[in-house]
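What follows is a set of notes on a single structure, which appears directly below.
On a predicted model such as this, the values are computed, not experimentally measured, just so you know.
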Amino acid sequence: MHFDKPLGSVIQGSLSEGLEIRLHPDVSVEDMRVGKFLVVRGIRADFFCLVTDVSLGTTSPRILANPPSPDDDFLQAVLAGGGTYSTVNLTPMLMLIREPASSQFNGKSQRQLSGASQLGSFVAQTSTEMEMLPVKTIPSHFSQVYEAAEQDFRAVFGWEDDTQRRNFAIGQPLDMDVPVCLDLDRFVERSNGVFGKSGTGKSFLTRLLLSGIIRKQAAVNLIFDMHSEYGWEAVREGKTHSTVKGLRQLFPNQVQVYTLDPESTKRRGVRDAQELYLSYEQIEIEDIKLVGRELNISDASLDNANILYGEFGKSWITQLITMTNEEIHGFCEEKRGHKGSIMALQRKVMRLEKLKYLRAVTPKNYINQILQSLEAGKHVVIEFGSQADMLSYMLVTNMITRRIHQEYVKKAESFLQSKNIVDRPTPLVITIEEAHRFLDPGIVQSTIFGTIAREMRKYFVTLLIVDQRPSGIDNEVMSQIGTRITALLNDEKDIDAIFTGVSGGGNLRTVLAKLDSKQQALILGHAVPMPVVVRTRPYDQTFYKEIGDPAWDEMPDEELFAAAEAARADIGF
């Protein structure tokens, strides 16, 4: 169907409820899919719209009472477009102003302008001749509706090789071969989310986004890789067993991998991974409170932990673990602590002794080392290996994030004082999985992640949260999420959560519910001019060549893994 062929006419609608389009008789309703893009040609503006519903209608109930026989093609053809018709509901998302109101007719009649179909005349978004606006009005009755052309998508979403902005092609429209781009500068300005039920490809979407940020140098990344899916190769979902490259393989000179489980990392053949250890002295009350559910620690025990911290400072856990019953009794009498609560706290905290990465004393400050890597522009992936339980993931992620955020606050304050561009911190994007565990309404006010999500990059730090249960995330935090990239969700509460704080989100619910279970996503928010449904970009050999370091891309897989084996031998793996 060519883009200059009208598909239908506007018959009714409103700004709040959207437009109803009656399709022309020669247009098949089966070509109109939820999530498709159409352009309504108004008198002086083109309205870029999203299909949100499709329906069938008749002019008389008698037709429904006595429908034509399935074999009666002639009667069906007679009724088509007259007695029976198809309608499409559109939600206008963007107005593209073609010319000023003072010259809207320019010597032509309104009929001539409405009948014009030069949709291919759109130019790039950077053109000063076209004004893009939020939708504040609607087109008139009988305005014609057209297929969106490639020029339309480029006008709205730009193109990846735009030298004026850091655009990254995240995918393509459902029925067209044209890229849909994210503006990465706007993307890293706020915290963002990747959502979808299990098995819909959230990890692949996240890997795409991280690759784009690295390639376009929009920010530095700190990735807490719970299931070892981002740093080195990961298993591709599907019937055949195969693997995909990780960020370290695509960007060997820009990505560093730290591991909490060196043995697991060695078995996987990860190249040049660095060990990561944390000490008891780096654990604060906030860290223990966050994992209180995993350790089954009561509020009374947390109150007594504050008493211990007030007495022993950073060494409070070391002191607690080594205290005898008599010492606990004497401490409680002197400091008015509760013996039962402290003894219970001691039993629970002793579980930390089983964690491989915790030490009484560490040979160096690994968190400072990670911070130095980030400051040098390196992207850091922290692998958990066998330590991928929720206790370790939440504890380590909170400990490291809190300290790095503190350093970024200092750097941001210095920059605001000096206003010297040299002092400006590089934007940092922190990726966390199972985000609802950190952003639950019951604890979000006391975690560093809730603070970062609400700050909206005040200190140049944002989150990329990956989650299958957005309904478990605090509503205030969800309302601050800048860009939401959402694969298929079935639960009504999760769908409602996606549209928290989104104007007109009700019209998009059907679009989200009708996504395919693989390689489709609804993108809306700060980094795109309007909501868009895309077939996500394949993460394959073609992508590797387009996005990765050129020298690494040219190396065959056999040579690549031979180099990895040699590197492992050199460092004694």
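- For the side chain to side chain contact (heavy atoms under 4.5 Å, CB included) test, no residue two or more places apart in sequence or in another chain qualifies with Ser414.
- Under the side-chain hydrogen bond (donor to acceptor under 3.5 Å, both in side chains) criterion, Arg509 pairs with Glu492, Asp496, sequence neighbours left out.
- Every residue meeting the side chain to side chain contact (heavy atoms under 4.5 Å, CB included) condition with Asn192, not counting sequence neighbours, appears here in chain and number order: Phe187, Leu464, Thr483.
- Contacts of Glu160 classified as side chain to side chain contact (heavy atoms under 4.5 Å, CB included), with partners at least two apart in sequence or in another chain: Phe168, Ala169, Cys181, Lys216, Arg537.
- Screening residues 322-355 for ring pair (Phe, Tyr, Trp, His ring centres under 6.0 Å) gives Phe312-Phe331 as the qualifying pairs, with residues at least two apart or on separate chains.
- Between Lys245 and Tyr539, the shortest heavy-atom contact is O-OH, 2.7 Å.
- With sequence neighbours excluded, the residues that form a ring-ring contact (aromatic ring centres under 6.0 Å, His included) with Phe438 are Tyr393, Phe449.
- In this structure, Asp516 has no salt bridge (Lys or Arg N to Asp or Glu O under 4.0 Å) partners at least two apart in sequence or on a different chain.
- For Arg359 and Tyr280, the positive end is not near the middle of the six-membered ring at less than 6.0 Å and at most 45° from its axis.
- Contact annotation: the side chain of Val532 approaches that of Phe157 to within less than 4.5 Å [non-hydrogen atoms, C-beta and beyond].
- Contact annotation: the side chain of Glu375 never approaches that of Pro425 to less than 4.5 Å [non-hydrogen atoms, C-beta and beyond].
- Among residues two or more places apart in sequence or in another chain, the side-chain hydrogen bond (donor to acceptor under 3.5 Å, both in side chains) test is passed with Asn490 by Lys197.
- Between Ser228 and Phe384 the shortest side-chain heavy-atom distance does not fall below 4.5 Å.
- In terms of heavy atoms, Met478 sits closest to Ala497 at CE-O, 3.2 Å.
- For Asp474, the side chain to side chain contact (heavy atoms under 4.5 Å, CB included) partners are Pro441, Val444, Glu476, Val477, not counting sequence neighbours.
- For the 3.5 Å distance criterion, the side chains of Thr259 and Glu383 fail to qualify, holding no donor opposite an acceptor.
- For Arg437, the side-chain hydrogen bond (donor to acceptor under 3.5 Å, both in side chains) test picks out Glu294, with sequence neighbours left out.
- Leu352 is listed as a side-chain neighbour of Ile283, based on a closest heavy-atom distance under 4.5 Å.
- Leu276 has its side chain out of reach of Tyr357: every pair of non-hydrogen atoms, C-beta onward, lies at least 4.5 Å apart.
- Residues that satisfy the side-chain hydrogen bond (donor to acceptor under 3.5 Å, both in side chains) test with Asn221, not counting sequence neighbours, are His379.
- Looking at heavy atoms from C-beta onward, Gln372 lies out of side-chain contact with Ile370 at the 4.5 angstrom threshold.
- Under the rule for a salt bridge (Lys or Arg N to Asp or Glu O under 4.0 Å), Lys378 has no partner lying at least two apart in sequence or in another chain.
- Inter-residue side-chain proximity for Leu345 and Leu308 is flagged as met; some heavy-atom pair is nearer than 4.5 Å.
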